[in-house]
Participant: 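Encoded as structure tokens, here's the structure I'll be asking about.
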Amino acid sequence: MASRDPLIIRGKDEMREWSRSARAKGKTIGFVPTMGFLHDGHLSLIHESKKHADLTVVSIYVNPGQFSPNEDLSTYPSDFDGDIQKLKTVSGGVDVVFHPQNLYDYGQNGGRRSSGEGEEGKMVSCVEINGGMGHETWVRVERLEKGLCGNSRPVFFRGVATIVAKLFNIVEPDVAVFGKKDYQQWRIIKRMVRDLDFGINVIGADLIRDEDGLAKSSRNVRLSPQEREKALSISKSLSNAKFAAEKGRLNCKELRDSVIQKIQEAGGKVDYAEIVDQESLEPLKEISSPAVFCIAAIFGSVRLLDNMEINV
């Protein structure tokens with residue numbers, strides 16, 4: 001049976017007012033930030049949030065601050081009406097959907113628009129290239145943002161940390177849930193919350209897969225049937241590597257080489273394949289502590305992320 005419709009809030013002040021009113025009544029607030037085009041992985045985050053808080057807020061906002069101008073912001077999939085219908089299927093319902101138009105628009109007096117040029121040739125985001133109404137404050141988690149996705153997407157985690165900080169200041173949640181599919185992102189947000197003393201419990205929810213093993217992602221819809229079949233090499237090779245590690249093969253180079261070979265044989269282009277410490281995200285030569293094998297690979301024009309934790 002369908003649940004009640006969520007309250008849709010678009011304004012920052014209205015969102016803060018709702019949260020503060022709820023807290024004044026003794027309620028706790030769980031928060032699930034998303035960029036929309038929801039799937040079962042997102043819904044699993046909502047179910048997790050509901051275990052830890054009285055009320056649940058889901059944000060739907062495609063953040064231009066984490067895309068560089070040559071990335072897929074303009075083609076990122078969107079279906080707001082479909083998202084609302086999916087949220088209505090959640091048992092007990094979602095209390096609020098926060099759906100702002102532009103969180104970088106500060107009005108006519110927001111400040112001088114950027115020219116879109118980065119200092120000393122540095123990469124810029126779509127916020128800066130499009131003006132951004134003078135936005136110039138960015139949050140950096142300096143060490144954890146390096147490596148993995150940070151190598152090929154130099155503005156990404158700066159944009160993620162900044163928009164999450166903004167959303168935390170607007171929604172004012174007690175609990176926030178992030179999926180471990182984006183493992184580096186989850187670790188970066190946990191570290192930002194610790195370092196900046198946000199009073200928020202950040203929970204990492206397990207990665208969710210489709211029946212064929214492909215990690216759930218909003219980008220999967222852009223895979224052709226043939227590309228999707230080939231992309232299954234990611235999860236299959238990761239599973240084989242995890243099994244090998246659990247059987248005592250702990251040399252990271254050997255495990256990495258095996259996974260890279262399988263993905264390349266399937267027609268994929270490997271952006272990175274790294275075995276890193278679960279906490280520090282430092283690359284490992286041999287697995288001697290809790291590790292996570294992180295992959296980014298491209299099939300067709302679609303960049304896919306996957307990972308598996310290895311505890312031996």
Participant: Of Val90, Leu55, Thr56, which meets side-chain contact (heavy atoms from CB on, under 4.5 Å) against Ser49?
Facilitator: Thr56

Participant: Taking all non-hydrogen atoms of both residues into account, name the closest pair between Pro33 and Ser59 and its distance.
Facilitator: CA-OG, 3.1 Å

Participant: Between Asp306 and Lys181 (salt bridge meaning N to carboxylate O under 4.0 Å), is one present in this structure?
Facilitator: no

Participant: For Met192, run the side-chain contact (heavy atoms from CB on, under 4.5 Å) check against Leu144, Val164, Thr162 and tell me which one passes.
Facilitator: Val164

Participant: Are there more than 12 heavy atoms of other residues, nucleotides or ligands under 6.0 Å from atom CG of Asp195?
Facilitator: yes

Participant: For the residue pair Ile29 and Trp18, what are the closest heavy atoms and their distance?
Facilitator: CD1-CZ3, 4.1 Å

Participant: Is there a path from Leu214 to Leu38 through hydrophobic residues (I, L, V, M, F, W, Y) whose side chains come within less than 4.5 Å of each other?
Facilitator: no

Participant: Tell me yes or no: between the side chains of Ser258 and Gln261, is some donor less than 3.5 Å from an acceptor?
Facilitator: no

Participant: Check the surroundings of atom CD in Glu17: do more than 12 heavy atoms from other residues, nucleotides or ligands lie under 6.0 Å from it?
Facilitator: no

Participant: Quick check on Lys230: does its NZ atom have over 12 non-hydrogen neighbours (other residues, nucleotides or ligands) under 6.0 Å away?
Facilitator: no

Participant: Ignoring hydrogens and geometry beyond distance, is a side-chain donor-acceptor pair present between Glu309 and Tyr183 at under 3.5 Å?
Facilitator: yes

Participant: Do Pro173 and Ile200 make a side-chain contact, defined as non-hydrogen atoms from C-beta onward lying under 4.5 Å apart?
Facilitator: yes

Participant: Donor-acceptor check, side chain of Glu227 to backbone of Ser224, threshold 3.5 angstrom: yes or no?
Facilitator: yes

Participant: Sequence neighbours left out, cut at 3.5 Å: what donor-acceptor pairs do the side chains of residues 285-302 make with other protein atoms?
Facilitator:
residue: Ser289; atom: OG; partner: Asp277; partner atom: OD1; Å: 3.1

Participant: For the backbone of Glu254 and the side chain of Asn251, can you confirm whether one donor and one acceptor N or O come within less than 3.5 Å of each other?
Facilitator: yes

Participant: Could you tell me whether the side chain of Thr28 and the main chain of Asp54 form a donor-acceptor pair under 3.5 Å?
Facilitator: yes

Participant: Give a yes or no on whether the ring-centroid distance for Phe80 and His99 is below 6.0 angstrom.
Facilitator: yes

Participant: Which pair of non-hydrogen atoms, one from Leu255 and one from Ala245, has the smallest distance, and what is that distance?
Facilitator: CD1-CB, 4.2 Å

Participant: Are Leu167 and Phe31 packed together at the side-chain level, in the sense that at least one heavy-atom pair is separated by less than 4.5 angstrom?
Facilitator: yes

Participant: Give a yes or no on whether a salt bridge exists between Arg191 and Glu142, defined as a side-chain N under 4.0 angstrom from a carboxylate O.
Facilitator: no

Participant: Only counting residues at least two apart or in another chain, list the ones meeting salt bridge (Lys or Arg N to Asp or Glu O under 4.0 Å) with Asp95.
Facilitator: Arg4

Participant: Can you check whether Leu103's main-chain N or O pairs, donor with acceptor, with Tyr61's side chain at less than 3.5 Å?
Facilitator: yes

Participant: Kindly write out the residues that satisfy side chain to side chain contact (heavy atoms under 4.5 Å, CB included) with Cys149, not counting sequence neighbours, or none if the list is empty.
Facilitator: Phe157, Gln184, Tyr272, Arg303, Leu305

Participant: If you measure from NZ on Lys180 to CD on Gln185, what distance do you get to the nearest 0.5 Å?
Facilitator: 14.0 Å

Participant: For a side-chain contact (heavy atoms from CB on, under 4.5 Å) with Arg228, tell me which candidate from Leu304, Val221, Asp210 qualifies.
Facilitator: Asp210

Participant: Should we say atom NZ of Lys216 is surrounded by more than 12 heavy atoms from elsewhere, each under 6.0 Å from it?
Facilitator: yes

Participant: Between side-chain atoms of residues 40-48 and protein atoms elsewhere (two or more places apart, or another chain), which donor-acceptor pairs fall under 3.5 Å?
Facilitator:
residue: His42; atom: ND1; partner: His39; partner atom: N; Å: 3.1
residue: Ser44; atom: OG; partner: Gly41; partner atom: O; Å: 2.6
residue: Glu48; atom: OE1; partner: Lys51; partner atom: NZ; Å: 3.3
residue: Glu48; atom: OE2; partner: His52; partner atom: NE2; Å: 2.9

Participant: If you round to the nearest 0.5 Å, how far is CD1 of Ile310 from CG of Leu250?
Facilitator: 9.0 Å

Participant: Between Arg143 and Glu282, does any NZ, NE, NH1 or NH2 come within less than 4.0 Å of an OD or OE carboxylate oxygen?
Facilitator: yes

Participant: What distance separates Asp79 CG from Gln85 CD, expressed to the nearest 0.5 Å?
Facilitator: 9.5 Å

Participant: Specify the closest pair of heavy atoms between Ala241 and Val259, including all atoms of both residues, with the distance to one decimal.
Facilitator: CB-CG2, 3.8 Å

Participant: Less than 4.5 Å apart, any side-chain heavy atom of Leu207 and any of Asn307?
Facilitator: yes

Participant: Rounded to the nearest 0.5 Å, how far does CD1 of Ile189 lie from CZ of Phe198?
Facilitator: 9.0 Å

Participant: Is the NZ or CZ atom of Lys166 positioned over Tyr104's six-membered ring, under 6.0 angstrom from the centre and within 45° of the axis?
Facilitator: yes

Participant: CD1/Ile60 to CZ/Arg10 distance, rounded to the nearest 0.5 angstrom?
Facilitator: 9.5 Å

Participant: Phe67 versus Val62: any side-chain heavy-atom pair under 4.5 Å?
Facilitator: yes

Participant: With a 4.0 Å cut-off on N to O distance, would you call Arg187 and Glu279 a salt bridge?
Facilitator: yes

Participant: If I compare all heavy atoms of Ser125 with all of Trp138, which pair ends up nearest, and what's the gap?
Facilitator: OG-CH2, 3.8 Å

Participant: Can you list every pair that meets side-chain hydrogen bond (donor to acceptor under 3.5 Å, both in side chains) and has a residue in residues 231-246, with sequence neighbours left out?
Facilitator: none

Participant: What residues, two or more places apart in sequence or in another chain, satisfy salt bridge (Lys or Arg N to Asp or Glu O under 4.0 Å) together with Glu71?
Facilitator: Arg153

Participant: Measure across Ser218 and Gly36 and return the closest heavy-atom pair with its distance rounded to 0.1 Å.
Facilitator: OG-O, 3.5 Å

Participant: Show the numbers, then the answer: is there a side chain to side chain contact (heavy atoms under 4.5 Å, CB included) between Glu136 and Glu128?
Facilitator: CA-CA 9 Å; Glu136 57 180 315; Glu128 292 144 299; over 6 Å; no

